[in-house]
Amino acid sequence: METTKWAIDPTHSEITFKVKHLMISNVKGEFKTFQGTIDGEDFTKATISANIDASSISTNNDDRDTHLKSPDFFEVEKYPEITFVSKSIKKVDDDEYQLVGDLTIKGTTKEITLDTEFGGYMKDPYGNEKAGFSINGKLNRKDFDFNWNAALEAGGVMVGNEIKINAEVQFVKQ
């Protein structure tokens, strides 16, 4: 029996993050290049995987992006890819799920739980069947060896440890 396969539609998807800056506001960034698949019709039994091009990071500031690509953070020349592979998907409510999987950044793999909202199915004007999801989670950047920071004169640090991640993704049935 052949498994149903879905692939991320990159033109209708985004992967973003936020981190505290100077302890007073959030700086937002995104990854511009990524791929992902769902293998299986029943999402609670499917395997979900994603690959993100770490060098596609963008925060709308070239100097900051260059620093984020350096060994202080993503070290993109040595670790060009961020990966996620699901381990389990648990239904919490009607359209709410908990997606648990292994996230690998900079050579370090950690289990992460992502709150996932299933937006539903829809056919686009060209007859392609699509499925939409909103995915949210948090991680501690130090878990992935992102230790660079700067102390502030008034106390505190320049970059917060908690990273909020969000993905708004559409998958297209293959």
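In plain terms, the two heavy atoms of I165 and K138 that are nearest each other are CG1-N, 4.3 Å. Closest heavy-atom contact between A7 and Q174: CB-NE2, 3.5 Å. Nearest heavy-atom pair across Y79 and A54 is O-CB, 3.9 Å.
Heavy-atom neighbours of N60 CG from other residues, nucleotides or ligands within 6.0 Å: at or below the threshold of 12. The 12-atom threshold is exceeded at NZ of K130, counting heavy atoms of other residues, nucleotides or ligands nearer than 6.0 Å. The number of heavy atoms from other shown groups lying within 6.0 Å of NZ (K18) does not exceed 12. Within a 6.0 Å sphere centred on CD of E81, other residues, nucleotides and ligands contribute more than 12 heavy atoms.
With rounding to the nearest 0.5 angstrom, the CG atom of L99 is 6.0 Å from the CD1 atom of I135. Here the straight-line distance linking atom CG of D9 with atom NZ of K173 works out to 16.0 Å at 0.5 Å rounding. Between the CD1 atom of I38 and the OG1 atom of T3 there is a distance of 13.0 Å, given to the nearest 0.5 Å. Rounding to the nearest 0.5 angstrom, the gap separating the CG atom in D93 from the CD atom in E117 is 10.0 Å.
Using a 3.5 Å distance cut-off with no hydrogens or angles, the side chains of D39 and T47 do not pair a donor with an acceptor. Residues N61 and T59 bring no donor and acceptor atom of their side chains to less than 3.5 Å of each other. Side chain to side chain, D115 and N136 fail the donor-acceptor criterion of an N or O pair below 3.5 Å. Counting only N and O atoms by type, the side chains of S49 and T37 include a donor and acceptor under 3.5 Å apart.
Ring pair F73/H67 is perpendicular by interplanar angle, where above 60° counts as perpendicular and below 30° as parallel.
Looking at heavy atoms from C-beta onward, S13 lies in side-chain contact with F34 at the 4.5 angstrom threshold.
Ion pairing between K110 and D102 fails under the 4.0 Å rule for side-chain N and carboxylate O. With respect to K28 and E30, no salt bridge is recorded, no charged nitrogen being found less than 4.0 Å from a carboxylate O.
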Audit row: E168, S134, side chain to side chain donor-acceptor pair (under 3.5 Å) steps and yes/no = CA-CA 5 Å; E168 298 294 334; S134 293; 2.6 Å; yes
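In this structure, the ring of F43 has its center no less than 6.0 angstrom from the ring center of Y97.
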